[in-house]
Amino acid sequence: MNRGGTSNGMSPRWRAFGLWLLGLAGLVGAMARADDTTPRRGGILRLWTPTDWRSLDPAIAFDAESAPLQKLLFRGLLNYGTGTDLVLDQAAAWEVSPDGRTYRFRLKPGVRFAHGREVEAEDYVAALERILDPATGSPGLGFL
């Protein structure tokens, strides 16, 4: 017998309470994970993307689908802050010449690749030259 509830025998009041309780449990679980600030190595990172990405090569992948994945893998001298404001990322400081044609970056000390070698200015130069090389076929060529 249905006592004024839904077809599964649960009243709307109990159903709403169940949904509220489920939401509260999710919130508590998220807060517990947010408090765990100790990084842990190992495990599996699974990412869902709505479409296939073009490439994970930072010189090739200038499409909207690849950008979020690249942000997980690579760091740049600058990044975007609020809106289109540029903020320091791997650079400690930067300055632009009065004519706007020369940019000088000072790198943060101690920044290392995953394999342990310290990042050097030449690494950024090589990455930019690779984008500018027509043989790479980088869509980023037009941006630079």
Side-chain angles (χ1 to χ4, degrees), residues 5-144:
T6 60
S7 60
N8 64 3
M10 186 182 283
S11 74
R13 174 184 264 170
W14 281 107
R15 187 174 188 171
F17 178 74
L19 289 173
W20 177 84
L21 192 60
L22 184 63
L24 180 62
L27 179 62
V28 169
M31 288 170 54
R33 285 190 300 275
D35 288 342
D36 185 14
T37 57
T38 305
R40 289 179 277 157
R41 293 199 176 270
I44 298 171
L45 173 63
R46 289 186 174 92
L47 300 172
W48 177 84
T49 59
T51 59
D52 289 333
W53 56 86
R54 180 176 181 178
S55 174
L56 292 180
D57 180 344
I60 302 298
F62 277 77
D63 58 295
E65 289 81 18
S66 302
L69 295 171
Q70 282 195 38
K71 291 190 83 56
L72 293 172
L73 299 172
F74 306 106
R75 303 286 298 269
L77 294 169
L78 302 173
N79 201 348
Y80 287 106
T82 305
T84 57
D85 294 336
L86 291 174
V87 296
L88 297 170
D89 192 356
Q90 295 300 307
W94 65 312
E95 56 189 56
V96 182
S97 66
D99 65 0
R101 296 176 51 104
T102 303
Y103 291 72
R104 181 167 296 178
F105 294 91
R106 189 167 31 101
L107 302 180
K108 288 182 181 176
V111 175
R112 299 187 176 279
F113 287 104
H115 57 68
R117 182 174 72 78
E118 192 161 354
V119 176
E120 300 172 350
E122 290 78 21
D123 297 315
Y124 288 101
V125 171
L128 288 169
E129 287 177 343
R130 186 163 173 259
I131 292 171
L132 293 171
D133 183 355
T136 303
S138 174
L141 180 62
F143 293 107
L144 300 176

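Keep in mind that what you see is a predicted model, and the values were worked out from it rather than measured. Position 1 is the first residue of the sequence, and the numbers go up from there.
Between the CD1 atom of Ile131 and the CG atom of Leu141 there is a distance of 9.0 Å, given to the nearest 0.5 Å. Taking CZ from Phe143 and CG from Leu132, the interatomic distance works out to 13.0 Å, rounded to the nearest 0.5 Å. Interatomic distance, CD1 of Ile60 versus OG1 of Thr136, reported as 6.5 Å (0.5 Å rounding).
For the side-chain contact (heavy atoms from CB on, under 4.5 Å) test, residues two or more places apart in sequence or in another chain that qualify with Ser97 are Asp99, Thr102. Considering only residues two or more places apart in sequence or on other chains, Ser138 meets the side-chain hydrogen bond (donor to acceptor under 3.5 Å, both in side chains) condition with none of them. Residues that satisfy the salt bridge (charged side-chain N to carboxylate O under 4.0 Å, His left out) test with Arg106, not counting sequence neighbours, are absent from this structure. With sequence neighbours left out, Asp133 forms a side-chain hydrogen bond (donor to acceptor under 3.5 Å, both in side chains) with no residue at all.
The two residues Ala59 and Arg130 have their closest heavy-atom pair at CB-NH1, 3.2 Å.
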Donor-acceptor list for residues 111-122 side chains, cut-off 3.5 Å, not counting sequence neighbours:
residue : atom : partner : partner atom : Å
Arg112  : NH1  : Gly116  : O            : 2.8
His115  : ND1  : Arg117  : N            : 3.4
Arg117  : NH1  : Asp123  : OD2          : 3.3
Arg117  : NH2  : Asp123  : OD1          : 2.9
Arg117  : NH2  : Asp123  : OD2          : 3.4
Glu118  : OE2  : Gly110  : N            : 3.1

In a table with atom names and distances, give each donor-acceptor pair under 3.5 Å that connects a side chain of residues 67-85 to protein atoms at least two apart or in another chain.
residue : atom : partner : partner atom : Å
Gln70   : NE2  : Ala61   : O            : 2.7
Lys71   : NZ   : Asn79   : OD1          : 2.7
Arg75   : NE   : Asp89   : OD1          : 3.1
Arg75   : NE   : Asp89   : OD2          : 3.3
Arg75   : NH2  : Asp89   : OD1          : 2.4

Mind running ring-ring contact (aromatic ring centres under 6.0 Å, His included) on Tyr124 and Phe105 for me, showing each step along the way?
CA-CA 10 Å; Tyr124 288 101; Phe105 294 91; 8.1 Å; no
